[in-house]
Each structure stands twice: as C-alpha cells, then as structure tokens.
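Structure record follows, encoded as structure tokens.
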Amino acid sequence: MVKTISLFNNKGGVSKTTTTFHLGWKLAEKGQKTLIVDTDPQCNLTGLCLNADKNNKLENFYVNNSNNLKEALSPVFSGALSPLQPVTCYEFEENSNLFLLPGHIDFSEYDATYNIAENLTGSLTMLKNVPGALRNLLEMTANKYGFEYIIIDMSPNISATNANILMESDYFILPCAPDYFCYMAIESLTKVFPRWEKAYSKLKENDIFINADYKMSSSKPKFIGTIQQRYRPRNGSPSKAFSEWINDINLLVNDKLVPILKKSDMIVSYDAGNYDEGYNLINIADFNSLIAQSQSNNTPVFLLTQEQVQKGGNVWKNMKKNIDDFNGTFNKLADRIIKATK
C-alpha cells in the first residue's frame with residue numbers, strides 16, 4: 001500500500017522543496033516507485049522539475065496541460081457531478097521510478113472551501129467530499145502507477161488546506177533551519193497539531209462525511225522526525241552558533257512536541273533512541289552553490305557532473321567531495337525513512 005509523507009513547517013526557507021525533490025529522487029533510485037506532489041501555490045517544486053525560468057514560464061505549462069493538482073480536484077471543488085480521475089503524472093526521463101504531480105499557482109483558491117467544509121455544522125452535503133478528495137485522488141493515482149511512496153511539498157502556513165493535507169497523510173516530517181524563527185514555529189506547532197487532530201477526529205464522526213463518496217483516512221498521520229538543515233559546517237559539523245540552535249530545537253521537539261504528539265497518537269513507534277539526536281533524522285549542511293547548480297541544470301545535486309558545473313582543478317575536487325557527501329546524506333535519510341515507515 002502506498003505511503004504518503006508530507007513535509008511541513010509553518011516557517012518558510014527551511015528547504016522543504018529541495019528536500020522533497022532529492023528525497024523523492026533517492027527513494028526512486030532505491031527501487032521505490034515514488035510520486036512527488038507540489039501543494040504549495042508558489043509552485044517551486046513544479047518549476048524546479050519542469051526547469052521553468054523567465055524564458056520558460058510556468059504559465060506556459062498550464063496552457064497546454066491540465067494535469068495539475070488544482071484541475072485534478074476541480075470535479076469536487078467546482079461542485080460538478082463528474083468523479084475524480086487518476087492524474088497523468090509528469091515522468092522523469094533520467095529516473096523511471098520518479099513522477100511529479102504538478103502544483104498550480106491558483107491552488108490556494110480552494111482554501112476557503114476547505115475552511116467551510118472543516119467548520120461544517122449544517123447539512124451542506126455538497127461539501128461532503130471535500131475533506132477526503134485529495135487523499136482519494138492520490139490513492140487513485142497511486143493505484144494507476146503502482147506508487148510505493150508519495151512525498152508532498154507543503155506551503156509554509158497554518159491554513160485549512162494544510163490541515164487537510166497533513167491530517168490526511170500517513171506520515172509527516174518537519175524540515176528545520178537552525179534559527180530563532182524556526183524554534184518559534186515549532187513552538188507554535190505544539191498547539192496547532194492537537195487542534196488539527198481534534199478537528200479531524202470530530203469531522204470523521206459527522207454523518208455527512210461518514211457517508212461521503214470520498215471518505216477520509218481512518219487513521220492519523222504519524223510524525224517521523226525533523227531534518228536539520230541550512231547550516232554552515234565547520235570541520236564536518238555545524239559551527240557553534242548553528243549547533244546551539246540545532247540543540248535547542250532538538251530539545252524542544254523531544255521534550256515538548258513528541259509528548260504532545262504521543263498523546264494524540266500522531267507519532268511513529270520506532271525507537272528514536274537509535275539516533276544520536278532523538279527524533280532528528282539527519283543534519284544536512286548548507287549546499288547553496290550546489291543547489292543553484294542543481295536548479296540550473298534541472299538535476300539533483302548528487303548527479304551533477306563536472307561538465308555541468310564547468311569547474312576544474314581544486315574547485316571541482318572540493319565540489320565533488322560535497323556532491324558525494326550530499327549523496328551519502330540523502331542515502332542515509334532515505335534508508336531511515338524506509339525503515340520508519342515499514
């Protein structure tokens with residue numbers, strides 16, 4: 001059965017899109033047929049995969065292609081009588097196990113509908129299929145292609161749409177950056193997640209949604225862990241300023257967020273003590289120059305070639321070491337996620 005994993009943090013700039021792309025690619029490399037899904041209206045993941053830039057604008061893609069998240073959900077959100085259909089996904093020539101469900105810049109228009117449905121107290125049966133629509137669409141598409149993993153790139157905000165995406169997922173991961181703003185974002189999530197859990201538990205008891213054509217998940221999403229990234233390394237480890245914030249965030253997660261999620265039955269049961277930093281899955285250093293090269297060449301960092309980066313001598317030697325380190329890091333991350341989701 002396909003496993004759906006959402007990457008979420010209500011703070012932006014924590015490399016959710018980069019992680020979604022590279023994690024999806026690495027899972028696919030390991031033989032796991034994987035779909036990456038762009039639910040962020042900024043569509044950075046879609047632009048990265050389709051190599052969209054000022055000369056190849058994303059809008060041009062939508063002119064001739066209706067295979068995107070917004071259009072795929074439109075039968076439910078437009079009130080049409082037509083059923084949902086599996087999406088025809090974008091395929092990667094260089095990785096036959098990896099697929100993309102493109103996002104749409106107007107996907108945020110559905111947030112008002114999600115909000116009304118999630119606060120439904122009357123008998124507006126026309127909205128009964130809204131909460132379960134995305135999950136059912138993804139399951140239909142997974143059955144069509146035989147996906148084993150679906151990785152979802154979420155937008156950085158607390159919204160009705162994001163509540164639905166995360167609460168209808170099987171698992172979720174919190175990418176983090178070592179700074180005060182990320183610390184405060186995690187602090188706020190200790191209140192947000194219980195609120196979302198309570199709201200969706202109540203929805204699942206509502207007769208309107210029980211009798212929906214597209215039913216909600218019968219289980220709750222499970223927290224796998226955090227990913228600490230976007231720090232500058234020194235001698236292979238985070239420098240002192242970054243290290244202090246990483247430690248503070250790890251303590252906040254392990255001492256406050258984890259107990260709250262356990263109380264809500266929203267956490268995986270594997271032994272986090274197997275890892276040095278509890279529920280922090282891995283540390284990923286800042287690979288800014290390589291990320292830029294990755295984006296311009298429309299390829300993952302660990303597949304960049306000397307010809308693509310156009311560097312030689314010691315510069316290329318250092319870049320190659322960083323590329324190999326990046327590859328090893330994502331190999332380890334993918335293995336840990338496969339283990340945690342068994």
Ignoring hydrogens and geometry, is there a side-chain-to-backbone donor-acceptor pair from [X] to [Y] under 3.5 Å?
{"X": "Glu148", "Y": "Lys3", "value": "no"}
{"X": "Arg135", "Y": "Met216", "value": "no"}
{"X": "Asn97", "Y": "Lys33", "value": "no"}
{"X": "Asn136", "Y": "Lys215", "value": "yes"}
{"X": "Ser169", "Y": "Phe172", "value": "no"}
{"X": "Thr190", "Y": "Glu187", "value": "yes"}
{"X": "Asn298", "Y": "Cys49", "value": "yes"}
{"X": "Asn297", "Y": "Thr299", "value": "no"}
{"X": "Asp111", "Y": "Thr161", "value": "yes"}
{"X": "Lys204", "Y": "Ser219", "value": "yes"}

State the [atom1]-[atom2] distance between [X] and [Y], to the nearest 0.5 angstrom.
{"X": "Thr20", "Y": "Leu45", "atom1": "OG1", "atom2": "CG", "result": "6.0 Å"}
{"X": "Met319", "Y": "Gln308", "atom1": "CE", "atom2": "CD", "result": "10.5 Å"}
{"X": "Asn129", "Y": "Ile208", "atom1": "CG", "atom2": "CD1", "result": "11.5 Å"}
{"X": "Leu7", "Y": "Met154", "atom1": "CG", "atom2": "CE", "result": "9.5 Å"}

Can you tell whether the side chains of [X] and [Y] come within less than 4.0 Å, N to carboxylate O?
{"X": "Glu29", "Y": "Lys26", "result": "yes"}
{"X": "Asp40", "Y": "Lys16", "result": "no"}
{"X": "Asp324", "Y": "Lys320", "result": "yes"}

Next item on the list: Please confirm whether Tyr110 and Phe77 have ring centers closer than 6.0 angstrom.
Entry: yes

Is the ring pair [X]/[Y] parallel, tilted or perpendicular, if the boundaries are 30 and 60 degrees?
{"X": "Phe21", "Y": "Phe92", "result": "tilted"}
{"X": "Phe147", "Y": "Tyr145", "result": "parallel"}
{"X": "His22", "Y": "Phe302", "result": "perpendicular"}

Checklist line | Among Ile337, Thr4, Val268, side chain to side chain contact (heavy atoms under 4.5 Å, CB included) partner for Tyr171 | finding: Val268

Item checked: side chain to side chain donor-acceptor pair (under 3.5 Å) assessment of Asn254 paired with Asn250 -> CA-CA 6 Å; Asn254 291 314; Asn250 286 342; 5.4 Å; no

Closest approach of [X] and [Y], non-hydrogen atoms and distance?
{"X": "Tyr214", "Y": "Leu84", "value": "OH-N, 2.9 Å"}
{"X": "Ala142", "Y": "Ile150", "value": "CB-CD1, 4.3 Å"}
{"X": "Leu98", "Y": "Trp25", "value": "CD2-CE3, 3.4 Å"}
{"X": "Leu290", "Y": "Asn322", "value": "CD1-CB, 3.6 Å"}
{"X": "Leu69", "Y": "Gly103", "value": "CB-CA, 4.3 Å"}

For a quick check under 3.5 Å, do [X] and [Y] share a side-chain donor-acceptor pair by atom type?
{"X": "Tyr149", "Y": "Thr341", "result": "yes"}
{"X": "Lys30", "Y": "Asn331", "result": "yes"}
{"X": "Asn157", "Y": "Asn10", "result": "no"}

Checklist line | Qualifying residue, where the test is side-chain hydrogen bond (donor to acceptor under 3.5 Å, both in side chains) with Asp38 and the options are Asn68, Thr17, Thr46 | finding: Thr46

If you look only at distance, which donor and acceptor atoms sit under 3.5 Å apart when one is on a side chain in residues 192-200 and the other is two or more places apart or in another chain?
| unit_1 | atom_1 | unit_2 | atom_2 | d |
| --- | --- | --- | --- | --- |
| Glu197 | OE2 | Ser201 | OG | 2.9 |
| Glu197 | OE2 | Lys220 | NZ | 2.6 |
| Tyr200 | OH | Glu118 | OE2 | 2.5 |
| Tyr200 | OH | Asn164 | ND2 | 3.0 |

Margin query: Is it true that, when you exclude Lys144 itself, more than 12 heavy atoms of the residues, nucleotides or ligands shown sit nearer than 6.0 Å to its NZ?
Written below: yes

